[in-house]
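Count residues from 1 along the sequence. Here the structure is a predicted model, which is why all the values come from computation and not from measurement.
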Amino acid sequence: SDIFASLQGKTVKNARILWDIRMPRTLAAMILGGGLALAGYLLQTFFHNPIAGPFVLGISSGAKMTVAVVMVFLTGKMIRISSGMLIFAAFLGAMISMGFVLLMSTKVHNMSMLVVSGVMIGYICSAITELIITFASDAEIVNLHNWSRGSFSGITWDNVRVMAFVTGVTFLAKPLSAYQTGEAYAKNMGVKIRLLRALLVILSSILSGCIVAFAGPVSFVGIAVPHLTKNLLGSSKPILMIPACFLGGSVFCLLCDLLARTMFAPTELSISTVTAIFGAPVVLWVMIRRNKEKMTG
């Protein structure tokens with residue numbers, strides 16, 4: 001009743017909670033969830049790999065590592081950390097991890113080996129992050145721990161504006177459609193392959209970095225949602241998949257955030273805990289189905 005009254009312009013007791021706390025958090029879950037699903041779809045298209053995603057390939061861990069560096073070493077020097085600084089740091093870390101993944105992809109052509117390589121890169125980044133934390137003060141350790149668990153709480157309207165701008169630059173439907181059918185066909189269609197591949201890498205890293213900067217590492221959304229969307233639509237055309245992935249990621253993260261906040265209230269679960277419960281079975285299902293297709297083929 002308070003929500004409807006507030007939307008009608010009436011003064012209500014909980015208006016500040018609604019507009020300054022709940023609404024930014026809801027929009028953040030929708031924007032970042034959609035961006036994470038879209039990043040997963042871009043990576044799966046780039047690697048032609050059904051279980052490529054920011055979390056599995058270690059890209060989120062790389063972003064987490066550089067954000068930890070900024071939070072520990074700049075906060076200690078009394079430097080004000082802005083949203084842009086966190087996004088840039090996370091993007092840099094995502095690009096470093098992506099660089100290693102790209103290097104490994106030229107050496108190994110097996111899907112499982114590429115995933116193992118990504119997991120190893122993630123472990124290395126996590127180990128470096130733990131090393132950085134040893135130099136942090138008690139207050140910084142608490143902040144890092146709370147942030148690294150993943151949460152959409154504490155989001156402000158300024159944060160929402162920044163993340164909406166960052167995620168609004170990722171629509172490549174037409175060239176992606178040609179790229180999916182093969183590089184030779186895409187070249188014949190006039191698509192600049194090198195430019196498109198570079199854009200895929202940069203955009204997926206920006207999206208992954210933006211999510212890690214604001215909400216911490218969020219697991220399995222980037223893998224699970226594109227597959228669920230593809231099965232729901234019965235199509236893999238980018239012109240359908242890009243908006244559908246974004247919408248699916250928004251709904252998925254909004255639901256997971258609601259469960260994280262209310263399931264054991266007043267205790268709040270980390271968002272990654274909830275997304276892993278729903279997302280990990282989807283990854284297992286994809287791997288089992290793909291293995292069956294290989295055996296029957």
Side-chain angles (χ1 to χ4, degrees), residues 25 28-44 47 49-68 90 93-94 97-98 101 112 114-130 144-153 155 163 167 204-229 245-246 248-261 263-264 268-287:
R25 178 170 181 158
M30 292 174 68
I31 293 168
L32 296 181
L36 192 53
L38 194 53
Y41 175 66
L42 292 174
L43 288 169
Q44 287 167 19
F47 287 108
N49 189 321
I51 54 174
F55 190 80
V56 170
L57 293 178
I59 296 167
S60 294
S61 297
K64 176 184 171 184
M65 175 185 71
T66 48
V67 170
S97 293
M98 179 66 106
V101 172
S112 57
L114 181 63
V115 172
V116 169
S117 302
V119 171
M120 291 302 106
I121 290 165
Y123 274 121
I124 292 167
C125 292
S126 296
I128 295 170
T129 305
E130 292 299 321
L144 276 168
H145 174 70
N146 292 337
W147 166 79
S148 65
R149 290 172 66 242
S151 175
F152 295 115
S153 63
I155 298 289
M163 64 182 72
T167 54
S204 56
S205 298
I206 289 173
L207 287 170
S208 304
C210 181
I211 289 131
V212 170
F214 286 114
V218 181
S219 58
F220 292 105
V221 177
I223 306 176
V225 172
H227 285 290
L228 292 173
T229 305
C245 276
F246 193 89
S250 297
V251 173
F252 184 78
C253 276
L254 203 56
L255 176 64
C256 289
D257 187 50
L258 181 66
L259 292 173
R261 191 163 47 83
M263 200 181 297
F264 297 105
E268 184 175 321
L269 297 173
S270 73
I271 188 69
S272 282
T273 301
V274 184
T275 55
I277 289 169
F278 292 109
V282 175
V283 178
L284 291 172
W285 168 69
V286 169
M287 292 178 73

Over all atoms of both residues, closest heavy-atom pair of V225 and G249: CG1-N, 3.5 Å
Over all atoms of both residues, closest heavy-atom pair of V274 and A260: CG2-CB, 3.8 Å
Contact summary for P226 and C245, nearest pair of heavy atoms: CA-SG, 3.8 Å
Member of V221, V218, L207, L36 meeting the side chain to side chain contact (heavy atoms under 4.5 Å, CB included) criterion with P54: L36
Side-chain heavy-atom pair S117, V101 within 4.5 angstrom cut-off: no
C256 to F278 - nearest heavy-atom pair and separation: SG-CD1, 4.1 Å
Side chain to side chain, I223 and V282, heavy atoms closer than 4.5 Å: no
Nearest-0.5 Å distance that lies between atom OG in S272 and atom CZ in F220: 9.5 Å
For I31 against M163, the heavy-atom pair lying closest together: CG2-O, 3.8 Å
Heavy-atom closest contact (G209 atom, A90 atom, distance): O-CB, 3.1 Å
S153 and R25, any side-chain heavy atoms less than 4.5 Å apart: yes
Backbone N/O of A94 and side chain of S97: donor-acceptor pair under 3.5 Å: no
Point-to-point distance, once rounded to the nearest 0.5 Å, from CG of L259 to OG1 of T275: 11.0 Å
Spatial distance of atom OG (S250) from atom CG (L255) [nearest 0.5 Å]: 12.5 Å
M98 side, atom CE; S208 side, atom OG - distance, nearest 0.5 Å: 7.0 Å
Nearest-0.5 Å distance that lies between atom CG in L42 and atom CG in L38: 4.5 Å
Check: S126 main-chain N/O paired with S61 side-chain donor or acceptor under 3.5 Å: no
Distance (rounded to the nearest 0.5 Å) between L57 CG and I121 CD1: 8.0 Å
Side-chain touch I124/I128, heavy atoms, less than 4.5 angstrom: yes
